Amino acid sequence: MEDDNILRQQRIKKSQELRDQGVDLYPSFNGAENKIGEILSLFADREDLPAAETAPLLRTAGRLMTVRDFGKSLFFHVQDGTGRMQGYLKKDQVGAETFALFKKLDIGDFVGLAGVLFRTRTGELTLLVKEAALLSKALLPLPEKFHGLTDVEQRYRQRYLDLLVNPSVRQIFETRSRIIAFIRSFMNDRGFLEVETPMMQPIPGGATAKPFKTYHNTLDMPLFLRIAPELYLKRLVIGGLERVFEINRNFRNEGISIQHNPEFTMMEFYQAYATYQDLMAFTEKLVSELAEAVRGTLTFSYQGESIDLTPPWQKISFLEALRDLGGLPAAVLNDPIRAVELAREQGAQLRPGDGPGKALTKIFEQVVEPKLRQPTFITGYPIEVSPLAKRSRENPDLTDRFELFVAGREIANGFTELNDPLDQRDRFMEQMKAHEAGDDEAQVMDRDFVQALEYGLPPTAGEGIGIDRLVMLLTDAPSIREVILFPQLRPEN
RNA sequence: GGGCCGUUAACUCAGGAGGUAGAGUAUCUGCCUUUUAAGCAGAGAGUCGUUGGUUCGAGUCCAACACGGCCCA
């Protein structure tokens, strides 16, 4: 494939010439004592650089990104993980041999450098090179320096090039790392224990979604990639781990879109002796402090829209939202048959067994969710779509559950956990019926989990927060693929 | 699954109404010891996503397919 590429052939030829001269193209090296970012920040504001004759040599290394050749001297930029710095190589400083070697190098090659700092006429801090060595030879050329790499498909397929030449992409993933680190420490500070539960489950539970199926040869049994860790985390609460959290991947065998990737990252956490009300306050605090830490402000723009995360956030019940934001008349809200009819009229694909709870949820997704721009908690979801949540005392058709929306997207989902084992068994039975009626997303009876509940789950609240969507919001990313390093794509050929 | 758009040199992009493919960057050769999208002179570089079709002739028109993007379900 690349064998036809003349640029690659030229580099191979040059490499061979260097080898013939006894140059090791891929030597071992551990002498990058001074990172470029440190050098730059250390001397950025200093007018009086140490005199070139007396200054100690700075030793650094990085990838050659640009070269401006003047014959007997040349300027270049070298980039490492912390920054990019200009270097100045003069024949009379490094000697003819090193100079000739350096002239043979290509953009993309790694070099080790030793030198002293000076400022050019335009004031740019520059390393006057005293010693230079090739550290690793690149055979393929980097994308163009000015436009970078813009082809979306290639950016995802060759993310390493994207990261290398598009600084804003690198920033997104640095921010992502800081977001996860912040959340982890926020949870640790509040006494939550970080745990890891199975990614491969014999019964995929804890969410309404289609699973990926796999197979264990030795055990001779099918397994499913988890769609959620919920049922395992609750087993841990039963076991006395009263505050647990897990930050990890879930897998859902569904469509790919601007906000869906088959594997995505969730933080799920459970707290004994708490209610969904407590979790809303907790979420408000977590997300607003996170935004403050990551963006330095609670008001920022997301895709041109002004978002304000200043607490307290609006709370509206599911039914109120349908009435006030969705414009549904009370006649529909209170009439199960009318609700199902309306959902069908709006084009929702309801299955034979689907009741009013499902119908209203479909309508909600269509008419209310797009309107939830500023952070909003929606509370009191129908029991029909909440098989693991505690039934509401005020209305037996609803649950003590909430979802958080920002910019029209669901960010979090939490509820007071159903801890009545007999009720849970009945709910599973309802799900089984839906499954038999053709709902392949309906949840599957997990007898082992029900048995665990029979040993006693304390009053508990639990929640999942979609990390990718949170990262999108805080990095102003238009698509989930911009915050996942290697989004799922079809093979090229 | 449906609709719309895209795919041309290593990268970023032109290519009017069908007549043997162009630019900038990068690369190669030469000149140049403070440049920074360095400059000057010259050169090389393409299965125009794939496969068919229409035509004397297809990057261009038509069809199917592949991959990607956006919207809808």
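All of these numbers come straight from a predicted model, not from anything done at the bench. Proteins come first, then strands; the chains are lettered A, B, ... in the order of their sequence lines, and each starts at number 1.
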Q: Decide side chain to side chain contact (heavy atoms under 4.5 Å, CB included) for A/I36 and A/Q79; before the verdict, give the C-alpha distance in whole Å, the side-chain angles of both, and the deciding distance to 0.1 Å.
A: CA-CA 7 Å; A/I36 288 170; A/Q79 170 175 313; 5.7 Å; no
(Q) Evaluate A/Q158 against A/D162 for side-chain hydrogen bond (donor to acceptor under 3.5 Å, both in side chains), listing each step before the verdict. (A) CA-CA 7 Å; A/Q158 295 180 281; A/D162 193 24; over 6 Å; no
Q: Let me see the working for A/K130 and A/V116 under side chain to side chain contact (heavy atoms under 4.5 Å, CB included), right down to the final yes or no.
A: CA-CA 8 Å; A/K130 303 283 189 181; A/V116 294; 4.1 Å; yes
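Remark: A/R68 is not in phosphate contact with B/rU25, judged by side-chain N or O atoms under 4.0 Å from OP1 or OP2. When the side-chain nitrogen and oxygen atoms of A/R481 are compared with OP1 and OP2 of B/rG69, one or more of them lie within a distance under 4.0 Å. In this structure, A/Q366 reaches the B/rA73 phosphate: one of its side-chain N or O atoms is under 4.0 Å from OP1 or OP2. Note on A/K72: every side-chain N or O is 4.0 Å or more away from OP1 and OP2 of B/rC31.
No side-chain N or O of A/Q86 forms a donor-acceptor pair with one of A/T120 less than 3.5 Å apart.
Pairs passing the salt bridge (charged side-chain N to carboxylate O under 4.0 Å, His left out) check and including a residue from residues 330-341 of chain A, sequence neighbours excluded, read A/R338-A/E341, A/R338-A/E345.
Side-chain contact between A/E410 and A/E369 is absent, with no heavy atoms from C-beta onward closer than 4.5 Å.
Listed candidates were B/rC71, B/rU35, B/rG68. Nearest to the side chain of A/R157 is B/rG68.
No hydrogens or angles were tested; on distance alone, nothing pairs the side chain of A/R121 with the base of B/rU34 as donor and acceptor under 3.5 Å.
A/Y26 places a side-chain N or O within 3.5 Å of a backbone atom of A/K137 that can act as its donor or acceptor partner.
Both geometric conditions, a ring-centre gap below 5.5 Å and a plane tilt below 30°, are fulfilled for A/F75 over the base of B/rU35.
Against the 90° criterion about 0, the sugar-base torsion of B/rG16 places it in the syn range.
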Polar pairs (N or O, both sides) under 3.5 Å between protein and nucleotides 2-13 of chain B?
from	atom 1	to	atom 2	distance (Å)
B/rC11	OP1	A/Q154	OE1	3.3
B/rC11	OP1	A/Q154	NE2	3.4
B/rC11	O2'	A/E144	N	3.3
B/rC11	O2'	A/G148	O	3.0
B/rU12	OP1	A/T150	N	3.0
B/rU12	OP1	A/T150	OG1	3.4
B/rU12	OP1	A/D151	N	3.0
B/rU12	O3'	A/T150	OG1	3.2

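Atom OH of A/Y156 is separated from atom CZ of A/F486 by 13.0 Å, given to the nearest 0.5 angstrom.
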Q: With pairs defined as Watson-Crick or G-U wobble and both distances under 3.5 angstrom, please note down RNA chain B as a dot-bracket string, | for pairing with another strand.
A: (((((((..((((.....[..)))).(((((.......))))).....(((((..]....)))))))))))).
